[in-house]
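A short worksheet on the structure shown next.
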Amino acid sequence: MNRYESLQEKFASCAKIQGTTMIMLDEPLLLEKMLHPELDFILMDAEHGRFDTQNVIPMLHTCRMLGMPSFVRVQDSQYHLIAKAIDMGADGVMIPRVETLEQLRTVVDAVWFGPIGRKGAGGYGQFRAGEDFQTFQKSRFVMIQIESQKGVDNLESMLNQYGDFLSAVIIGPNDLSVMLGTPMNSKSEAAQAAIQRTFDICRKHGKSCGIFCNDAADATHYRAMGANVLWTASDLQFYLRGYQETMDELRRIQ
């Protein structure tokens, strides 16, 4: 079983899934060093990071060559941003700030060919080796982000209508905390209640759910709350932790 098939099974069964983020380091060679048996996907961040649909191409191509599932977090739920990421070789997309059925209709139209969606048939890297239109329709991933109270409140109806198209529901804890009035405090009572409610709704629908975790401590906390997708840390965080650790060790040398 390859990593794509394994990830599909994990999403479907709500098994533990581990992914990470490239946000600042636009270096395809680094991806080769990041292969790990416990890593299920790598996400390139075009919402808050340095990536766009042009400079992300070498990163996606490298992931494809390595057999590593790749995601692009697009800037918004707009057809041209989503379809272009798939065209360039992303195996899936993450959609920020999802709140409405209309947004999800746009996502479906942008990811899948007709008669499911309306995606154009062009695209340099949209097919993996050996794929055809039929296998493509069954093998792409979509994760939506819940980042507001409106998103939490509408999640049930969104899953009722579009749940079959969604691989997972992912919470953006920082944006959620801002929208709830407790900026950058995702451990506030209001934020934790909204996070738990989101996980509970997903569990009711048998849908994978997760959250961005800064570190293993966050991942442990949210795993206990019901998350199975542990989307953890970024290239910048890994770099800074290693840098700070080494500098602290050097400081202690007498």
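The OG atom of Ser77 sits 11.5 Å away from atom CD of Gln145, with the distance rounded to the nearest 0.5 Å. Note: Ile170 CD1 to Leu230 CG = 9.0 Å, rounded to the nearest 0.5 Å. A distance of 7.0 Å separates OG1 of Thr198 from CG of Leu176, quoted to the nearest 0.5 Å. Annotation: the span from Leu166 atom CG to Ser208 atom OG amounts to 11.0 Å, rounded to 0.5 Å.
At least one donor-acceptor pair under 3.5 Å links the side chain of Gln196 to the backbone N or O of Met225. Using a distance-only test at 3.5 Å, with no hydrogens or angles considered, a donor-acceptor pair links the side chain of Asn228 to the main chain of Ala15. Checked by atom type and distance alone, the side chain of Asp235 pairs as donor or acceptor with a backbone atom of Ile23 at under 3.5 Å. At distances below 3.5 Å, at least one donor-acceptor pair connects side-chain atoms of Asn55 with backbone N or O atoms of Arg50. Ser177 places no side-chain N or O within donor-acceptor distance of the main-chain N or O of Ala191, the cut-off being under 3.5 Å. A donor-acceptor contact shorter than 3.5 Å is absent between the side chain of Gln78 and the backbone of His80. In this structure a side-chain-to-backbone donor-acceptor pair under 3.5 Å is missing from Lys187 to Gln192. Side-chain N or O atoms of Gln149 include none that pairs as donor or acceptor with a backbone N or O of Leu180 at under 3.5 Å. Side-chain N or O atoms of Gln244 include none that pairs as donor or acceptor with a backbone N or O of Arg241 at under 3.5 Å. Gln137 places a side-chain N or O within 3.5 Å of a backbone atom of Phe113 that can act as its donor or acceptor partner.
Look at Asp76 and Arg97 and you find a salt bridge, because one of the NZ, NE, NH1 or NH2 atoms lies within 4.0 Å of a carboxylate O, short of that distance. The existence of a salt bridge linking Lys16 and Glu38 is excluded, since no basic side-chain nitrogen approaches an acidic carboxylate oxygen closer than 4.0 Å. The pair Asp91-Arg64 counts as a salt bridge, with a side-chain nitrogen and a carboxylate oxygen less than 4.0 angstrom apart. Salt bridge annotation for Lys10-Asp40: present, with a cationic side-chain nitrogen under 4.0 angstrom from a carboxylate oxygen. With respect to the salt-bridge test (charged N to carboxylate O, under 4.0 angstrom), the residues Lys84 and Asp52 do not qualify.
Relative ring orientation between His61 and Tyr124 is described as tilted, the plane-to-plane angle lying within the 30° to 60° band. Taking the six-membered ring where the residue is Trp, Phe141 and Phe11 present tilted rings, their angle falling between 30° and 60°.
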Evaluate the side-chain hydrogen bond (donor to acceptor under 3.5 Å, both in side chains) criterion for residues Gln18 and His36: first the C-alpha distance (whole Å), next the side-chain angles of each, then the deciding distance (0.1 Å), finally the verdict. CA-CA 10 Å; Gln18 298 177 165; His36 190 282; over 6 Å; no
Worked verdict on Asp153 versus Arg197 for salt bridge (charged side-chain N to carboxylate O under 4.0 Å, His left out): CA-CA 9 Å; Asp153 292 341; Arg197 183 180 171 202; 2.7 Å; yes
Does the side-chain contact (heavy atoms from CB on, under 4.5 Å) test come out yes or no for Cys63 and Met44, once each step is laid out? CA-CA 11 Å; Cys63 283; Met44 269 57 76; 4.1 Å; yes
Test side-chain hydrogen bond (donor to acceptor under 3.5 Å, both in side chains) on Ser139 and Glu131 and set out the steps. CA-CA 10 Å; Ser139 61; Glu131 273 193 330; 2.9 Å; yes
Applying side-chain contact (heavy atoms from CB on, under 4.5 Å), run through Val93 and Arg73 and close with a yes or a no. CA-CA 6 Å; Val93 287; Arg73 177 162 68 170; over 6 Å; no
Glu99 and Ser148: CA distance, side-chain angles, deciding distance, side-chain hydrogen bond (donor to acceptor under 3.5 Å, both in side chains) verdict: CA-CA 8 Å; Glu99 299 178 326; Ser148 68; 2.5 Å; yes
Working note: Lys138 + Gln8, criterion side-chain hydrogen bond (donor to acceptor under 3.5 Å, both in side chains); need CA distance, chi angles, decisive distance, verdict. CA-CA 10 Å; Lys138 301 175 183 178; Gln8 279 189 315; over 6 Å; no
Report the C-alpha distance between Leu35 and Met68 in whole Å, list the side-chain angles of each, state the deciding distance to 0.1 Å, and finish with yes or no for side-chain contact (heavy atoms from CB on, under 4.5 Å). CA-CA 8 Å; Leu35 283 183; Met68 170 60 70; 3.6 Å; yes
Asp218 and Arg223: salt bridge (charged side-chain N to carboxylate O under 4.0 Å, His left out), yes or no, with the steps? CA-CA 8 Å; Asp218 269 357; Arg223 179 65 167 157; over 6 Å; no
Apply side-chain contact (heavy atoms from CB on, under 4.5 Å) to the pair Phe136 and Asp132, showing each step before the final yes or no. CA-CA 6 Å; Phe136 175 98; Asp132 56 21; over 6 Å; no
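Closest non-hydrogen pair, Met59 versus Pro28, comes out as SD-N, 3.5 Å. Taking every heavy atom of both residues into account, Ala233 and Thr21 meet most closely at O-OG1, 3.1 Å. Closest non-hydrogen pair, Phe199 versus Cys209, comes out as CD2-SG, 3.6 Å. Taking each heavy atom of Ala46 and Val72 in turn, the nearest pair found is CB-CG1, 4.1 Å. Here the shortest heavy-atom pairing between Tyr79 and Gly120 reads OH-N, 3.0 Å. In this structure, Gln54 and Pro58 approach most closely via the heavy-atom pair O-CD, 4.3 Å.
Residues Leu159 and Leu101 are members of one and the same hydrophobic cluster, defined by side-chain heavy-atom contacts under 4.5 angstrom among Ile, Leu, Val, Met, Phe, Trp and Tyr. In terms of hydrophobic clustering, with Ile, Leu, Val, Met, Phe, Trp and Tyr side chains grouped at heavy-atom distances under 4.5 Å, Val107 and Val74 are assigned to a common cluster.
For the pair Leu250 and Ile253, the minimum side-chain heavy-atom distance is below 4.5 Å. Contact of the Ile211 side chain with the Trp231 side chain is not registered, since no non-hydrogen atoms from C-beta on lie closer than 4.5 Å. Glu9 is listed as a side-chain neighbour of Met1, based on a closest heavy-atom distance under 4.5 Å. Gln103 is not listed as a side-chain neighbour of Met158, based on a closest heavy-atom distance of 4.5 Å or more. Using a 4.5 Å cut-off on side-chain heavy atoms (C-beta onward), Lys119 and Val111 make no contact. At a threshold of 4.5 Å between non-hydrogen side-chain atoms, the residues Ser70 and Phe41 do not count as touching. Side-chain contact check for Ile146 versus Leu155: some heavy-atom pair is nearer than 4.5 Å. Taking 4.5 Å as the limit, every side-chain heavy atom of Gln161 sits out of range of all side-chain heavy atoms of Leu104.
Enclosure of atom CG in Asp164 is not indicated, since only 12 or fewer non-hydrogen atoms of other residues, nucleotides or ligands lie within 6.0 angstrom. Counting non-hydrogen atoms of other residues, nucleotides and ligands closer than 6.0 Å to CZ of Phe127 gives a total above 12. Annotation: Met179, atom CE; neighbour count of heavy atoms from other residues, nucleotides and ligands within 6.0 Å does not exceed 12. Remark: Glu189 CD is loosely packed, at most 12 non-hydrogen atoms of other residues, nucleotides or ligands lying under 6.0 Å away. The environment of Arg128 atom CZ is dense: over 12 non-hydrogen atoms of other residues, nucleotides or ligands sit within 6.0 angstrom.
Annotation: Phe165 is in aromatic contact with Trp112 [ring centroid separation under 6.0 Å].
Cation-pi check for Arg105 over Tyr162 is not met; the charged atom does not lie both under 6.0 angstrom from the ring centroid and within 45 degrees of its normal.
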